[in-house]
Amino acid sequence: MEYNFSEIEQKWQAEWDKQAAYKVSNESNKPHYYVLDMFPYPSGAGLHVGHPLGYIASDIYSRYKRLKGFNVLHPMGFDAYGLPAEQYAIQTGQHPEKTTNKNIDRYIEQLRKIGFCYDWSRQVKTCDPKFYHWTQWAFVQMYNHYYDPVAQKAKPIAELVARFEKEDPHWATLSEKEQQERLMPYRIAYLADTKVNWCPALGTVLANDEVSEGLSVRGGFPVEQRVMRQWCLRVSAYAPRLLEGLDRLDWTDSLKDTQRNWIGRSEGAEMQFNIKGQDNPITIFTTRADTVYGVTFMVLAPESEYVSRLTTDEHRAEVEEYLAWVKRRTERERIADRKVTGVFTGSYAINPLTNAEIPIYISDYVLSGYGTGAIMAVPAHDSRDYAFAKHFNLPVIPLIEGADVSEQSFDAKEGIMMNSGILNGLEVKDAIAKMKEYITNTGIGRVTINYRLRDAIFSRQRYWGEPFPIYYKDGMPYTLPEECLPLQLPEVKEFKPTATGEPPLGHAAMWAWDEQNRKVVDKQLIDNKTVFPIELCTMPGFAGSSAYYLRYMDPHNDEALVSKQANDYWRQVDLYLGGSEHATGHLIYSRFWNKFLYDLGLVCEDEPFRKLINQGMIQGRSNFVYRYIGEGASGNLYISYNLIGNPEYKDKVQPIHVDVNIVHNDVLDIVAFRNWMPEYKNAEFVFADGTSSEVEDNPYLGSAMPKQYICGWAVEKMSKSMYNVVNPDDVVAKYGADTLRLYEMFLGPLEMSKPWDTNGIDGVHRFLKKAWNMYENISDAEPTAEELKSLHKLIKKVTWDIENFSFNTSIPAFMIAQNELYTLKCNKRAILEPFAILLAPYAPHIAEEMYHRCNGQGFVIDAAWPECYEAYLVEDTQKYPVQFNGKVRFTLECPKDTPKDEVEKLVLAHEDTARYLAGNAPKKVIVVPGRIVNIVI
RNA sequence: GCCGCGAUGGUGGAAUCGGUAGACACGAAGGACUUAAAAUCCUUUGGCCCGAAACGGCUGUGUGGGUUCAAGUCCCACUCGCGGUACCA
């Protein structure tokens, strides 16, 4: 009976569809479990074999949970807004919606072939007005709330207004515009002039997590700093809760650490330094209050608000020149060229403890966005201050005993203080505490906590994103009424910025808000009395992905993002799978967004993702042919990889990428190679045996055997240009979805990055074939002890593996069990039916067919997970009582038919162990698996 | 620089609580079947050594130390690789 995988897979996929086997209900008396994959951005290239890795893992877990009797929510959708579709639209004029939908269709088709148990009826896509309705709605809520730092939660802006009305007699006298301006800095979604990452090539601003080393993450274009009026989200207000919440999550330590670093909590103190000849002091932030006696200068960030006040007339020209120079530099230049620069302001500060006069400088190594944008410089104990001091010849005062600061600073937070007045003789840790106490008591400063996490810039000067439900009246923003949402993305003639530099929505004709009639109208009607302009920016990519997991709970609800009942039932994502690259972006924003909704009482859990697993990246495994470029080279001759180290070819070959799809087990298909590209049409080879003739005479009948050309290989990123992209469709066509699923898991631990190497897929395919063959003539006979042992070993192992996400080690267990059962010629239903159920999460199609061959009723996906009975696993052993040195009596457990002299040998072999055990008097210790030594004294 | 992770045969990897290192698979070599090939099946496969034979000996998990009756696993120092982050005061 042949294993016809494509027939089996098509049959069961159709059957599951027909019976809506994966449709999930929100009403069930079963326990609930929510398994989620990070939804993909549907790129034009389609899925490659790396994408499904996490999906397969989560699918296995979902199916297992279902077999364990849970009502499992396992949905899939699409993060449909994104730059590539818009860039493509600018180049080709094709509407991004069209290309996006096309890509989504392709993704769905590819995903369906792999046999995932998604409830497709719950599919979401972020560019659907029914979906972004709730993205816009959440934004409106953020606009209408402020963060109360005392209560540590978001509250309606109306409460703030009420407070102003009550406490501030001025409030009533303010104009509406003035009132709005006053409220703006409190709102959770607010407009502000901020320094942003502007990417000229993309024509948009980017969030911090979208920039890496001065280049945009998408596209790698240079980014520069600019001050612009932008929508921002007050993520920083949630920093303490985002940090604290990590302790309650079942995430890996490395991911939590990444988030902790990104949030960047640091305890320190703000201190005030008086300015010589001025009334107002300046405030600095430091974590080293203990070093205040060693301050020899102060430094301001170039953008600091103190700069203009502290610059004296005689230094003004020099300062302005420096500021202009700093402004001209791109972020990238600043990172690449880190030489010491700076300029003296002409002013002096007074050290509050020593009363020394210390010069105030400006330098771009101080950042305006962190702390107060001004520092006290302690060159002896900070390497950056040290470099600055050396460059400008400023004094260095060592504060820690025994620290040599003649060559470099001593940055470590340890040692005994000296030259430090009241702190002398104290350990650094105690000195910090004492100085904090001192400055608090004297009013010089106060203890504060600083966070590195900044507010998220929420505007994008792009077309393909969610429009802001905002219009402008008298220069101030107003939200559209909630019942008018969603504000649909309008059509535009062009996807580029307008001639006047407005974002692409500037091209939209129907883009004005008629306040009285509550509808979108032609922008020519704008009169700023009843008809107003609408916001031209759109929301960033993370807007739609921040709460999508809630939408799956109740995807067709037109009244709310998610109903109270649906949210109360599913609560939160129990298991979330995705790449670790989202650690500082999506996973922060989602947590923030969820906490905000929690504050509003709209969701019942304040953390969205209880357990999170990062699957590793699948890298490409490229293959190479080696073109001969030595003497007399025709440019047409390719040397087999095993020969390129030989003297005649060494350093005379050039590696060339070859399509991995025409290479099998590193052996090149030479016919396919010649047909691959015209330039290889006449390719000639030196084969693995060192000869050039393509065939070998066959001793039988003189027919010809082709010879082998071996390709080299390397691990690289999976990409078209390296010709190492493997398409899951091809693998499914050749081996079947079940083999693909099994093999992706077999490749290695889920969380590790590893190259995709098709070599070896035959192994798991063979396993399925062999397993399949056991299901030919099924008997009702009673299983033997051996058969039961084999099965229950497998149950124990596979159950453990799935619960611990160690999917890769299950496949060998299946192979071993299959082998044992095959050797026992086992064809018994009592064994084979549970075997099929165990296999079902991994290889659902073949398992379904196997299950039905055992006369299983219904679907295998609804069967009950078999239970492991330890009684079947007991080793067949016998106990031998032994005397040792006349003092210690122990029982040796070993296989039943071990001869007597063998037992004695075993005892002697463990003499040391026995002696040790006797001395420490333990009860029972495993010496060697299967041979247990019980010591009784 | 800082934080995190990793290093085991020709290859991917296993060893789940400190207890027979190399499971399982690929590849390779040899064999069976076959006119031949594919498919399938069987044997061998970390290295070295002794031997007529073996349930034989030695060595072996990046390097150097340590703890332990026992270390791939724990501790210290280092080397290399990967990922994140970077003037965060």
Side-chain angles (χ1 to χ4, degrees), chain A residues 2 212-213 252-262 264-266 268 284-288 291 299 301 334-335 338 340 363-367 369-378 381-385 387-388 411 450-454 580-581 583-584 614 616-617 619 621 665-667 698-706 713 743 746-749 751-764 766-767 769-770 773 797 800-801 804 806 808-816 819 902 905 909-920 925-931:
Chain A
E2 208 195 333
S212 175
E213 302 193 345
T252 60
D253 288 337
S254 77
L255 192 78
K256 285 189 197 178
D257 269 342
T258 305
Q259 287 214 345
R260 284 193 190 105
N261 288 340
W262 189 258
R265 181 183 195 270
S266 70
I284 58 93
F285 174 75
T286 181
T287 55
R288 292 293 301 272
T291 60
V299 187
R334 212 173 66 82
I335 290 164
R338 210 171 268 187
V340 178
S363 176
D364 67 350
Y365 83 87
V366 175
L367 306 175
Y370 186 77
T372 62
I375 62 157
M376 63 178 211
V378 185
H381 302 291
D382 183 291
S383 53
R384 297 152 302 179
D385 297 346
F388 195 87
D411 291 16
N450 236 300
Y451 292 90
R452 209 181 74 110
L453 184 71
R454 308 215 201 137
S580 56
E581 67 274 19
T584 55
N614 291 126
M617 282 256 281
Q619 296 144 299
R621 186 181 185 279
N665 287 350
D666 292 334
V667 175
N698 193 306
Y700 303 95
L701 285 188
S703 68
M705 271 168 51
W713 61 274
Y743 188 59
F746 182 67
L747 222 44
E751 280 152 291
M752 253 186 358
S753 281
K754 57 232 162 196
W756 176 264
D757 180 358
T758 311
N759 299 348
I761 195 167
D762 294 315
V764 293
R766 261 197 285 271
F767 154 70
K769 268 202 249 186
K770 287 192 242 174
N773 283 331
K797 172 78 177 137
W800 191 94
D801 281 345
N804 293 280
S806 176
N808 56 320
T809 56
S810 274
I811 287 114
F814 277 116
M815 290 174 174
I816 291 165
N819 229 326
E902 200 62 34
K905 259 199 229 166
H910 300 296
E911 190 178 320
D912 278 348
T913 306
R915 226 185 278 279
Y916 163 77
L917 293 176
N920 288 273
V925 166
I926 296 170
V927 177
V928 179
R931 294 159 188 175

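Owing to the predicted nature of the structure, the values given are computational and were not obtained by experimental measurement.
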Task: Span that lies between the C1' atom of B:rC5 and that of B:rG62, in whole angstrom - done: 16 Å

Open item on the list: Looking at B:rC2, which nucleotide sits across from it as a Watson-Crick or G-U wobble partner, both distances under 3.5 angstrom, or is there none?
Closed with: B:rG84

TODO: With sequence neighbours excluded, tell me which residues meet ring pair (Phe, Tyr, Trp, His ring centres under 6.0 Å) with A:F388.
DONE: A:F297, A:Y361, A:Y365, A:F392

Task: RNA chain B: 5'-proximal contact among A:S580 and A:N261 (nearest heavy atom) - done: A:N261

TODO: For B:rC17, decide between syn and anti, treating a glycosidic angle within 90° of 0 as syn.
DONE: syn

TODO: Could I get the full list of salt bridge (Lys or Arg N to Asp or Glu O under 4.0 Å) partners for A:R766, not counting sequence neighbours?
DONE: none

TODO: Ignoring the backbone of A:D762, work out which of B:rC3, B:rA23, B:rG27 is nearest its side chain.
DONE: B:rG27

Task: Partner nucleotide of B:rG9 by Watson-Crick or wobble geometry (both distances under 3.5 Å) - done: none

- [ ] For B:rU8 and B:rA21, measure between their C1' atoms and round to the nearest Å.
- [x] 8 Å

Task: Paired nucleotide for B:rU67 [Watson-Crick or G-U wobble; both distances under 3.5 Å] - done: none

- [ ] Classify the nucleic acid contact of A:S383 as base, sugar-phosphate or nothing, counting any heavy atom under 4.0 Å across all strands shown.
- [x] nothing

Task: Pairwise P distance, B:rG72 and B:rU63 [rounded to whole Å] - done: 12 Å

TODO: Report the distance from atom CZ of A:F767 to atom P of B:rC26, rounded to the nearest whole Å.
DONE: 13 Å

Open item on the list: Distance check, P atoms only: B:rU73 and B:rU67, in whole angstrom units.
Closed with: 15 Å

Open item on the list: Can you measure A:L367 atom CG to B:rU85 atom C1' for me and round it to whole angstrom units?
Closed with: 14 Å

Open item on the list: Both distances below 3.5 Å, Watson-Crick or wobble geometry, any strand: find the nucleotide opposite B:rA89.
Closed with: none

- [ ] Quick one: look up who B:rG62 pairs with, Watson-Crick or G-U, both distances under 3.5 Å, and put none if it's unpaired.
- [x] B:rC78

TODO: Give the nucleotide from the list B:rA89, B:rC41, B:rC3 with an atom nearest to the side chain of A:R766.
DONE: B:rC41

TODO: Identify, between A:D382 and A:T584, the residue whose nearest nucleotide on RNA chain B lies closer to the 5' end.
DONE: A:T584

Task: Euclidean distance, atom CG of residue A:L255 to atom C1' of B:rU85 [Å, nearest integer] - done: 14 Å

TODO: May I ask you to evaluate whether A:Y370 reaches the phosphate of B:rA89, defined as a side-chain N or O under 4.0 Å from OP1 or OP2?
DONE: yes

Open item on the list: Let's see if you can work this out: which of B:rA89, B:rA23, B:rA14 has an atom nearest to the side-chain heavy atoms of A:V366?
Closed with: B:rA89

Open item on the list: Which nucleotide, if any, forms a Watson-Crick or G-U wobble pair with B:rC33, using both distances under 3.5 Å?
Closed with: none

Open item on the list: If the condition is salt bridge (Lys or Arg N to Asp or Glu O under 4.0 Å), which residues does A:R288 pass it with, not counting sequence neighbours?
Closed with: A:D290

Open item on the list: Can you measure A:D253 atom CG to B:rG83 atom C1' for me and round it to whole angstrom units?
Closed with: 16 Å

Open item on the list: Heavy atoms from C-beta onward define the side chain here; which of B:rC41, B:rA89, B:rC24 lies closest to that of A:I816?
Closed with: B:rC24

Open item on the list: I want to verify the glycosidic state of B:rG4; is it syn or anti under the 90° rule?
Closed with: anti

Task: Span that lies between the P atom of B:rA39 and that of B:rA71, in whole angstrom - done: 45 Å

- [ ] Report yes if the side chains of A:I375 and A:D385 come closer than 4.5 Å at any heavy-atom pair, otherwise no.
- [x] yes

Open item on the list: If you compare every side-chain N and O of A:K256 against the phosphate oxygens of B:rG4 (OP1, OP2), does one of them come in below 4.0 Å?
Closed with: no

Open item on the list: Would you measure the distance from the P atom in B:rC74 across to the matching atom in B:rU20 and give it in whole Å?
Closed with: 16 Å

- [ ] Check the distance between B:rC87's C1' and A:D364's CG and give it to me in whole angstrom.
- [x] 9 Å

Task: Note, A:F285 side chain near A:S266 side chain (heavy atom, < 4.5 Å) - done: yes

TODO: Give a yes/no on whether any side-chain N or O of A:T258 is located under 4.0 angstrom from OP1 or OP2 of B:rC3.
DONE: no

Task: B:rC58 and B:rG9, which share atom name P, separated by this distance in whole Å - done: 22 Å

TODO: Check every atom of B:rA23, B:rA25, B:rA89 against the side chain of A:T287 and return the nucleotide holding the closest atom.
DONE: B:rA89

Could you go through nucleotides 6-13 of chain B and list every protein N or O atom that sits under 3.5 Å from one of its N or O atoms, giving the distance for each pair?
{"from": "B:rG12", "atom 1": "O2'", "to": "A:L747", "atom 2": "O", "distance (Å)": "2.9"}

TODO: Using the test side-chain contact (heavy atoms from CB on, under 4.5 Å), find all partners of A:A813 that sit at least two apart in sequence or belong to another chain.
DONE: A:L794, A:K797

Open item on the list: Both distances below 3.5 Å, Watson-Crick or wobble geometry, any strand: find the nucleotide opposite B:rC55.
Closed with: none

Open item on the list: Expressed as a whole number of angstroms, how long is the span from A:E2:CD to B:rU40:P?
Closed with: 11 Å

Task: Contacts of A:D411 that satisfy side-chain hydrogen bond (donor to acceptor under 3.5 Å, both in side chains) - sequence neighbours left out - done: A:S383, A:S409

TODO: Would you check if A:L747 and A:W756 make a side-chain contact, meaning some heavy-atom pair closer than 4.5 Å?
DONE: yes

- [ ] Would you mind reading off the distance between A:N614 atom CG and B:rC5 atom C1', rounded to a whole angstrom?
- [x] 12 Å

Task: P atoms of B:rG6 and B:rA15, separation to the nearest Å - done: 13 Å

Task: Side-chain donor/acceptor of A:K754 to backbone N/O of A:P749, under 3.5 Å - done: yes

Task: Flag if over 12 foreign heavy atoms under 6.0 Å of CG, A:N804 - done: yes

Task: Rounded distance (Å) that lies between atom P of B:rG81 and atom CD of A:Q619 - done: 16 Å

Task: Nucleotide nearest A:R452 (side chain, heavy atoms from C-beta), chosen from B:rA86, B:rG4, B:rA89 - done: B:rA86

